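Here's the structure we're looking at; comments come further down.
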Amino acid sequence: MTATDETNLELDDIQAGALFERPSPYVGTYLLLRIDDRADGRELVRRLHRIVNPAHTAPEPAAGTSITVAFTYTGLQALGVPQISLDSFAPEFREGMAARAGILGDTGESSPEHWEKPLGTGQVHVAIAALSPDPALLRSAAERAWRAQEEIPGVELVWRQECYQLPTGRTSFGFKDGIGQPAVEGNGRPSSNPRERPIKAGEIVLGYPDETGELPPMPMPAVLGRNGTYVVFRKLHTRVAAYRQYLHDRAANRADEALLGAKMVGRWPSGAPLALAPTGDDPGLGQDARRHNDFGYADDPRGLKCPVGAHARRANPRDAFDDDGSVNVRLHRMIRRGTSYGPALPDGVLEDDGLDRGIVFVFAGAHLKRQFEFVKTQWLNDGIFIGAASEKDPLVGPNDGSGSFTIPHRPIRRRLQDLPPFVVTRGGEYCFAPGLRAMSWLADLQT
Ligand code: HEM
């Protein structure tokens, strides 16, 4: 097989969702479907093929209404994909997210037995995401997606989740998200971090060389794998009241509360990174797309500005490992397309109102194992890589009430103790978003 020039991405065949930013603000709908009849499932794929957005037609983010379609392993089985082809998918994808729960730290309240049904049961076959900057446009996009399955008896809508950007433009914990993203070679969008070269297209889209110079393992036949992307989605409930109460109980005053919150994330609520604004929020910096990602951690090895255990620093340590060469951070980059769901907890409220709120975390990449699973298990759920084995990610790690978080400080460091879990997994799936030609191939299967 020959490698396509990485600067020559087949944008007419790649679904836009993985490559291009979603609009901001946005509204969106996720629809999950089950295929009970193979022929009806193929008819669904035929109809969806007509409404997904190929990347070359992707409008500028602010205007973009997009529909992205992905399939689970059991979905590909339900469509009648031959076993030899099913066997060529990544093992983690074949197993499915629920089977990986122990590895991912989805235990206790986050374990699959407590997930929203039918997530993790094998009954989710097709995932559709419709996103738009405008509720009216979303309605028409969601209707298109809805109509695609409506009159097909052998296809059942089994789960639905609405999402929308909160009026503050931030996620439920109060922080701007979605800033740290790699640029992808060949998609024509510059890097928001001038210190980071765009990553090779094969890190995100199958069929192109990746950072190792190789073609990543690709599902076969090539028409099925090429221009596809693995997608992870996880509905993550956030315990905002517990998080606020925790900070409130440990902080000396309101300013200290804000500082502790920022130390946990690695950025201030506006998005301003601690690496550039170590002592206080700087909303101008937070909004400035030319500056808010232009930093590294090499000048802060001890984490005096941004703790080495802060969420964003763990999830992307940037240049922190450059000297010892022990970790090639570029092999663990990912595209994130998360959205918010549920109402904001009003400012200042410290008591839980019982409402469900959080993020639908969405990953896109060519390597489930060395991208999503590596970051989740080695960097967020474990502290060995930062020399603090017992410290999990303070914000999103599977803490159990006994964890701690160290905030380096001179003359004396601070340590937050007894961290409870602030995030609970409500369920999720590993999916594969095929290219458009692959969708035609699926629709035309004769098995
Ligand atoms: C409820 C769960 C989560 C919340 C509330 C959350 C929140 C945030 C926030 C506020 C940021 C800083 C803004 C930014 O740099 O874009 C961030 C960055 C990031 N998060 Fe998360 N996150 C969550 C889960 C995860 C998970 C499960 C992963 C990966 C497995 C992850 C990976 C990342 C990455 C890669 C970055 C970018 C770091 C950078 O490039 O500097 N996050 N997250």
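If you read the sequence from its start, that first residue is 1, and numbering goes on from there. As the structure lists them, so they are numbered: ligands from 1, and atoms in each ligand from 1. Being a predicted model, the structure only gives us computed values, none of them experimental. Values below: every heavy atom of this structure, side chains too, minus hydrogens, waters and symmetry copies.
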Taking atom CG of Asn253 as the centre, does the number of heavy atoms from other residues, nucleotides or ligands within less than 6.0 Å exceed 12?
yes
Would you check whether [X] has a nitrogen or oxygen atom less than 3.5 angstrom from a nitrogen or oxygen atom of ligand 1?
| X | answer |
| --- | --- |
| Asn293 | no |
| Leu380 | no |
| Ile359 | no |
| Gln181 | no |
| Asn316 | yes |
| Thr171 | no |
| Phe361 | no |
| His311 | yes |

Quick one: are the ring centres of Phe422 and Tyr246 less than 6.0 Å apart?
yes
Please find out if less than 6.0 Å separates the ring center of Phe89 from that of Phe432.
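Between Phe432 and Phe89, which both carry aromatic rings, the centre distance is below 6.0 Å.
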Evaluate the ring planes of Trp379 and His332, with Trp represented by its six-membered ring, and classify them as parallel (under 30°), tilted (30 to 60°) or perpendicular (over 60°).
perpendicular
Parallel, tilted or perpendicular, as decided by the 30° and 60° cut-offs, for the rings of Phe372 and Phe363
tilted
Under 6.0 Å from the six-membered ring centre of Phe295 and within 45° of its axis: does the NZ or CZ of Arg318 meet both?
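The answer is yes, since Arg318 meets both limits relative to Phe295.
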Over-ring placement of Arg226 relative to Tyr208, 6.0 Å and 45° cut-offs
yes
Salt-bridge test for Arg333 and Glu211: reply yes if a basic N is under 4.0 Å from a carboxylate O, no otherwise.
no
I need the nearest protein heavy-atom contact for [atom]: residue, atom name and distance, please.
| atom | value |
| --- | --- |
| atom 9 (C) of ligand 1 | Asp177 OD1, 3.5 Å |
| atom 12 (C) of ligand 1 | Arg267 CD, 3.8 Å |
| atom 5 (C) of ligand 1 | Phe173 CD1, 3.7 Å |

Report the C-alpha separation of Thr212 and Arg370 in whole Å, then their side-chain angles, then the decisive distance to 0.1 Å, and conclude whether the side-chain contact (heavy atoms from CB on, under 4.5 Å) test is met.
CA-CA 12 Å; Thr212 67; Arg370 79 157 151 80; 4.1 Å; yes
Is a side-chain N or O of Tyr164 found less than 3.5 angstrom from the main chain of Gly342, in a donor-acceptor match?
yes
Donor-acceptor pair, Arg267 side chain versus Ala312 backbone, under 3.5 Å?
no
Would you please determine whether [X] falls within less than 4.0 Å of ligand 1 on a heavy-atom basis?
| X | value |
| --- | --- |
| Val265 | yes |
| Arg313 | no |
| Gly358 | no |

Going by the atom numbers of ligand 1, which of them fall below 4.0 Å from some non-hydrogen atom of [X]?
| X | result |
| --- | --- |
| Val396 | 2 (C), 3 (C), 4 (C), 23 (C), 24 (C) |
| Arg318 | 39 (C), 40 (O), 41 (O) |
| Lys176 | 10 (C), 13 (C) |
| Phe175 | 10 (C) |
| Ala312 | 38 (C), 41 (O) |
| Gly178 | 16 (O) |
| Val423 | 1 (C) |

At a non-hydrogen distance cut-off of under 4.0 Å, which region of Ile179 contacts ligand 1 (side chain, backbone, both, or neither)?
both
Specify side chain, backbone, both or neither for Arg234, according to which of its non-hydrogen atoms lie closer than 4.0 Å to ligand 1.
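Neither; nothing of Arg234 gets under 4.0 Å from ligand 1.
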Within this structure, what is the CD-OH distance for the pair Gln165 and Tyr26, rounded to the nearest 0.5 Å?
5.5 Å
Show your working on side-chain contact (heavy atoms from CB on, under 4.5 Å) between Arg313 and Asp300 and close with a plain yes or no.
CA-CA 11 Å; Arg313 184 166 175 169; Asp300 183 26; 3.6 Å; yes
Work out which heavy atom in Ile67 is nearest to a heavy atom in Gln15; give both atom names and the distance.
O-OE1, 4.1 Å
For atom 19 (C) of ligand 1, the option (of Met264, Arg336, Gln371) bearing the nearest heavy atom:
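The nearest heavy atom belongs to Arg336.
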Proximal candidate to atom 30 (C) of ligand 1 [heavy atom criterion; set Phe295, Phe372, Tyr243]
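Nearest heavy atom to atom 30 (C) of ligand 1 lies in Phe372.
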Could you give me the CA-CA distance, side-chain angles and deciding distance for Arg234 and Glu429, then say whether salt bridge (Lys or Arg N to Asp or Glu O under 4.0 Å) is met?
CA-CA 7 Å; Arg234 285 162 74 75; Glu429 297 285 349; over 6 Å; no
